[in-house]
Participant: 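If you scroll down you'll find the structure; I have some questions about it.
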Amino acid sequence: MATVAEILQGRLQDALRASDLASDEPLQTAPTADPRHGDYQTNAAMVLGKKLKQNPRTLAGLILAHLSMSDIGAAEVAGPGFINFRLSPDFISRRLNQLALDERIGVERTDKPRTVVIDFSSPNIAKPMHVGHIRSTVLGDALANITRFLGHNVITDNHIGDWGTQFGKVIYGWKHFLRSENLNSDPVTELVRIYREADAAAQKDFGILEGCRQELVKLQQGEKENRRIWQQCVDLSTEEFAKIYDLLGIRFDYQLGESFYNPELPRVVQELLERGLAEVSDGAVVVWDRALSEDPFIIRKSDGGYGYATTDTATIEYRVKHWGAEAIWYVVGAPQHLHFQQLFSLGHRLGYEVDLQHIAFGSILGEDRRLMRTRSGDSVPLRALLEEAVQRATAIVAEKNPDLSEQERLSVSRMVGIGAVKYSELSQHRMTDYIFSWEKMLSLHGNTAPYLQNAYVRCRSIFRKLPAPVSATTSMTLREEAELDLAKKILQFPEVLPAVLDGFKPNILASYLYDLSAQFHGFYESCPVLSAATEVRETRLMLCDIFSRLLRTGLNLLGIELPEKM
RNA sequence: GCGUCCGUAGCUCAAUUGGAUAGAGCGUCGGCCUCCGGAGCCGAAGGUUGUGGGUUCGAGCCCCGCCGGACGCACCA
C-alpha cells in the first residue's frame with residue numbers, strides 16, 4: 001500500500017513526464033509544517049528550477065497544468081515555487097478505510113530486507129548493571145523491534161563483557177575474601193565487594209598484586225579451579241541480568257560474551273600479520289589507520305594478552321560468516337567513538353562487506369548536571385532504579401484509580417513505571433545528554449509515557465461503555481475538522497516509521513505518537529462518540545479503533561506496554 | 001595540542017536531513033466541566049537558534065574562523 005506521499009510523488013512523476021520535465025531526482029514530498037500551506041508540499045519545482053536554470057514558479061505552474069488531482073484533492077503553487085496539496089475529505093476517508101482493514105496500519109515491509117545484527121546492552125560480569133546501560137538496552141530494543149517490523153531479518157546479540165583483566169582480582173578475592181552466605185542473597189554485590197577488597201589489598205601490597213596477576217594468567221591458561229570460579233561468576237551475574245531484562249520485557253536472540261571468541265583470537269592476529277595489516281610496535285601487535293588517528297588499534301598486548309579490539313574483530317567475522325550479517329549496529333555510548341572508527345576501518349580492510357554503524361548516545365546526568373551518581377559516588381544500580389520507578393508509579397496509580405484490584409494495580413504500575421523510564425530515553429534525541437528526573441518522566445502532562453498511556457485508556461474506555469459490539473465492516477465518512485485532522489495524522493504513520501531508521505532516531509516515532517495523541521484529545525473534546533447519531537457514531541468508533549491500535553503498535557515498537565485501565 | 005560530539009524560549013527538550021512566519025512540555029497569565037476518564041481542551045506572553053563571516057531562491061541544519069562545554073587520545077572494557 002503506497003503512502004500518501006508516495007501517491008503524490010507518483011502523480012508528480014506523471015505530470016513531469018507529460019510536461020517533458022522527467023528527472024531522476026527523488027521528489028521530496030512531505031507533510032507541511034503549517035496547515036495554511038495545505039497538507040503536503042513538494043519542492044520539486046524549485047529543485048528542477050535550479051537544475052534547468054528556470055524560474056521555479058513558472059515550472060510549478062507547468063507541472064500543475066499536467067497534474068491529475070481530482071480524486072485526491074487540490075494543488076496550488078505557493079511562495080517561491082512550492083506546490084501545496086490539500087487532501088479532500090473523501091480521499092482521506094477512503095485512505096483511512098484501507099488502513100482500518102490493514103493489520104500493519106499501512107506500513108509496508110521493505111522490498112530490500114537485510115540481515116541486521118544489533119549489538120546492545122552489553123553489561124559486564126561481576127559488576128552490577130547501572131544507569132549507564134539503560135540507554136543502550138532501551139534504544140537497542142526499540143531499534144530491533146522497529147527494524148524487524150519493517151521487514152528486515154534482525155538478530156539481537158548481547159555482547160556480554162565476561163572476560164578481562166578484572167577477573168584476576170575477582171578470583172583472588174573469591175579465594176581470600178568470599179562470604180558464601182552473601183552469595184545466596186545478593187551475589188553480584190558480593191562479587192563487587194570481593195573485587196574491591198582485592199583491589200584495595202593489591203594497592204597496598206605488591207605481593208597481592210602479583211597474586212592477582214597469577215590468578216588471571218591461570219584463568220587464561222584454562223586452569224580448572226579458576227575456570228570453575230569464573231564460570232560461577234558468569235552464571236550468577238547472568239541470572240541477575242535476566243531479572244532486569246525480565247522486568248524490562250526485553251529478550252535477546254543470542255548472548256555471546258567476549259569469551260566466546262577466545263579460541264579465535266590467536267588465528268585472527270596471525271592472519272592480520274600475514275596479510276600485512278598489522279605490525280609489531282613496542283612489543284605489541286597493532287593496526288594503524290593514520291587517517292583516523294595517530295593512535296594504534298592494539299590487537300595483541302606486549303604481554304601476549306588480547307583486548308577488546310581483538311574480540312570485536314573476531315566478532316565481526318563470526319557474525320558475517322555464521323549469521324550472514326549484512327549490517328551490524330553497535331548501540332554503545334559516544335565515548336567509544338574512536339574505537340569503533342578503528343574497528344570499522346579494520347573490518348572493511350579485512351574485506352567484510354558489511355554495513356557497520358556505531359549508534360552512539362549521550363550520558364544521563366543527575367539534577368546537578370553531572371554524571372548521575374548515588375550519594376556515595378557510585379553509579380546508580382539499574383535494578384534499584386527500575387524498582388523505584390515501579391514503586392513511584394504504584395503510588396500514583398493507587399491515588400488516581402483506587403478501584404483497581406491488587407493484581408491490576410501491580411501490572412499497571414509496572415507498565416507505567418517501566419514505560420516512563422523507557423519513554424524518557426526514547427523521546428529524546430539520542431545524542432543529547434539528558435537530565436534524569438522522576439517528576440518529569442512520571443508526569444501525567446506533556447510528552448511522557450503516562451500521558452500517552454492515558455490517551456489510550458480514555459479511548460478504550462469508550463468501547464467498554466458500548467451497549468453492543470459494532471461491526472468493523474462499516475465504511476467511514478469523515479466530516480468534522482477534528483475527525484479529519486486526526487485521520488490525516490494517522491495516515492502519516494507509514495511515512496514516519498521508516499524515517500526512524502534514517503538516523504537511528506526512535507524519538508521521531510515518540511514525537512509522532514505524542515502529536516497523534518494530542519490530535520486525538522482534540523477530537524475527543526469536540527466530537528462525542530457514544531451520544532452521536534448511529535451513522536456518525538460508527539465512523540467515530542472506527543476512528544477510535546484505528547487510533548488505539550496505532551498507539552498500541554507504536555508504543556509496543558518502542559518496547560512500551562499499555563494497560564486497558566490505569 | 002589533535003580528534004569527536006554539542007550550544008535553540010526562564011527551565012527540560014523538538015524541528016520530517018536545505019524549505020515558507022523555528023515548535024512542544026514545565027513554569028507564568030487568561031478562558032472551558034448539566035458531556036464518552038479534566039490525567040483533558042482552547043488562548044496569551046516568552047527567540048538576533050553561542051558568535052562573526054561564507055555558500056543560494058531559501059541556513060538551526062552545509063563550509064571557514066572565534067567563544068563556551070562534554071568526551072576521547074598505546075597495551076582497561
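Letters A, B, ... mirror the listed sequences (proteins, then strands); counts begin at 1.
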Participant: Over all heavy atoms of both residues, which pair between A:L530 and A:K465 is shortest? Give the atoms and the distance, please.
Facilitator: CD1-CB, 3.7 Å
Participant: Can you tell which of B:A20, B:C41, B:A24 lies closest to the side chain of A:Q41?
Facilitator: B:A20
Participant: Identify which nucleotide among B:A14, B:A70, B:A39 has an atom closest to any side-chain atom of A:D433, counting heavy atoms from C-beta outward.
Facilitator: B:A70
Participant: Is the glycosidic angle of B:U49 within 90° of 0, making it syn, or outside that range, making it anti?
Facilitator: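 That one's anti.
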Participant: Quote, to the nearest angstrom, the C1' distance that separates B:A22 from B:C61.
Facilitator: 12 Å
Participant: Establish, with yes or no, whether the OP1 or OP2 oxygen of B:A14 is under 4.0 angstrom from a side-chain nitrogen or oxygen of A:T432.
Facilitator: yes
Participant: To the nearest Å, how far apart are A:L365 CG and B:C6 C1'?
Facilitator: 12 Å
Participant: Using whole Å, what does the distance between atom P of nucleotide B:C41 and atom CG of A:D515 come to?
Facilitator: 12 Å
Participant: If you check every side-chain atom of A:A78, which of B:C57, B:A74, B:A20 has the closest atom?
Facilitator: B:A20
Participant: Do you see a donor-acceptor pair shorter than 3.5 Å between the side chains of A:Q453 and A:Y423?
Facilitator: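 Judged by distance alone, the side chains do not pair up.
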Participant: When you check the glycosidic angle of B:C11, does it come out syn, meaning within 90° of 0, or anti?
Facilitator: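 What B:C11 shows is an anti base, its glycosidic angle lying more than 90° from 0.
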Participant: What is the distance from OH of A:Y306 to P of B:C76, rounded to the nearest Å?
Facilitator: 15 Å
Participant: Taking the side chain of A:P31 as heavy atoms from C-beta outward, which of B:A74, B:U16, B:A14 is closest to it?
Facilitator: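 When the side chain of A:P31 is considered, B:U16 is the closest of B:A74, B:U16, B:A14.
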Participant: Should A:F82 be counted as stacked on B:A20, where stacking needs a ring-centre gap under 5.5 Å and an angle between planes under 30 degrees?
Facilitator: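 Here the ring of A:F82 and the base of B:A20 are stacked, with centres under 5.5 Å and planes under 30°.
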Participant: Could you give the distance separating B:C67 and B:C29 at their C1' atoms, to the nearest angstrom?
Facilitator: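 It works out to 37 Å between them.
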Participant: If you check the A:P80 side chain, which of B:C5, B:C41, B:G19 turns out closest?
Facilitator: B:G19
Participant: Given A:H358, which of A:F340, A:W329, A:Y330, A:F120 fulfils the ring pair (Phe, Tyr, Trp, His ring centres under 6.0 Å) condition?
Facilitator: A:F340
Participant: May I have the distance from A:N507 (atom CG) to B:U17 (atom P), rounded to whole angstrom?
Facilitator: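 About 14 Å, once rounded to whole Å.
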Participant: Which nucleotide, B:U17, B:G37, B:G19, lies nearest any side-chain atom of A:N43?
Facilitator: B:G19
Participant: Can you tell me if the side-chain N/O atoms of A:K505 get under 4.0 Å from OP1 or OP2 in B:A14?
Facilitator: no
Participant: Of all the choices, B:A14, B:A77, B:A39, which nucleotide is nearest to the side chain of A:N401 once you look at every atom?
Facilitator: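 So the nucleotide nearest the side chain must be B:A39.
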Participant: If we take the P atom in both B:C62 and B:U17, what is their distance in whole Å?
Facilitator: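 One P to the other, the span is 13 Å.
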Participant: Under 3.5 Å, is there a donor-acceptor pair linking the side chains of A:H159 and A:Y261?
Facilitator: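 There is no such pair (donor and acceptor under 3.5 Å, judged by atom type) between the side chains of A:H159 and A:Y261.
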Participant: May I ask you to test the A:R57-A:P80 pair for a side-chain heavy-atom distance under 4.5 Å?
Facilitator: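 A side-chain contact is absent here, since even the closest heavy-atom pair is not under 4.5 Å.
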Participant: What nucleotide among B:G58, B:A77, B:G40 has an atom nearest to a side-chain atom of A:Q336?
Facilitator: B:A77
Participant: Evaluate the side chain to side chain donor-acceptor pair (under 3.5 Å) criterion for residues A:S345 and A:D289: first the C-alpha distance (whole Å), next the side-chain angles of each, then the deciding distance (0.1 Å), finally the verdict.
Facilitator: CA-CA 8 Å; A:S345 158; A:D289 183 346; 2.7 Å; yes
Participant: Pick the P atom in B:G58 and in B:A45, then give their distance to the nearest Å.
Facilitator: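 So the two P atoms sit 30 Å from each other.
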Participant: In whole angstroms, how far is the P atom of B:A77 from the OH atom of A:Y261?
Facilitator: 16 Å
Participant: Considering only B:A74, B:U21, B:C13, which nucleotide approaches the side chain of A:R36 most closely?
Facilitator: B:U21
Participant: So what's the dot-bracket for RNA chain B: Watson-Crick or G-U pairs under 3.5 Å, [ ] if a pair crosses, | if it pairs off-strand?
Facilitator: (((((.(..((((.....[...)))).(((((.......))))).....(((((..]....)))))).)))))....
Participant: Between B:C5 and B:G18, how far apart are the two P atoms, rounded to whole Å?
Facilitator: 16 Å
Participant: With stacking defined as ring centroids separated by under 5.5 Å and planes differing by under 30°, is A:H445 stacked against B:G25?
Facilitator: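 Ring-base stacking flag not set for A:H445 and B:G25.
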Participant: With no angle test and no hydrogens, is the base of B:G18 tied to the side chain of A:K50 by a donor-acceptor pair under 3.5 Å?
Facilitator: no
Participant: Across the strands shown, which category fits A:G161 at heavy-atom distances under 4.0 angstrom: base, sugar-phosphate, nothing?
Facilitator: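 Result for A:G161 = nothing.
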Participant: For a quick test of reading the model: is some side-chain N or O of A:S531 closer than 4.0 Å to OP1 or OP2 of B:C36?
Facilitator: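 Indeed not, no polar side-chain atom of A:S531 lies that close.
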Participant: Send over the distance from A:H337 NE2 to B:G3 P, rounded to a whole Å.
Facilitator: 12 Å
Participant: On RNA chain B, check which nucleotide each of A:V47 and A:M431 is closest to and give me the residue with the more 5' one.
Facilitator: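 Whichever sits nearer the 5' end wins; that is A:M431.
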Participant: Tell me whether A:D368 is salt-bridged to A:R370, with the criterion being a basic N under 4.0 Å from an acidic carboxylate O.
Facilitator: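 No.
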Participant: Provide the distance between the two P atoms, one in B:C66 and one in B:A77, to the nearest whole Å.
Facilitator: 37 Å
Participant: Tell me if the aromatic rings of A:F547 and A:F523 count as close, with their centers under 6.0 Å from one another.
Facilitator: no
Participant: Considering only atom P, compute the distance from B:G31 to B:C71 and round it to an integer number of Å.
Facilitator: 48 Å
Participant: Take atom OH of A:Y451 and atom C1' of B:C41, then tell me their distance rounded to the nearest Å.
Facilitator: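 To the nearest whole Å, that distance equals 9 Å.
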Participant: Between B:G30 and B:U48, how far apart are the C1' atoms? Round to whole Å, please.
Facilitator: 29 Å
Participant: Using only heavy-atom distances, decide whether a donor-acceptor pair under 3.5 angstrom links the side-chain of A:S427 to the base of B:A14.
Facilitator: no
Participant: Going by heavy atoms in the side chains, are A:E425 and A:K422 under 4.5 Å from each other?
Facilitator: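 With C-beta onward as the side chain, the pair stays apart.
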Participant: Is the CD atom of A:E210 crowded by more than 12 outside heavy atoms at less than 6.0 Å?
Facilitator: yes
Participant: Of the listed nucleotides (B:C13, B:G19, B:G37), which one gets closest to any side-chain atom of A:K565?
Facilitator: B:G37
Participant: Take the protein atom OH of A:Y512 and the nucleotide atom C1' of B:A14, then report the distance between them rounded to whole Å.
Facilitator: 17 Å
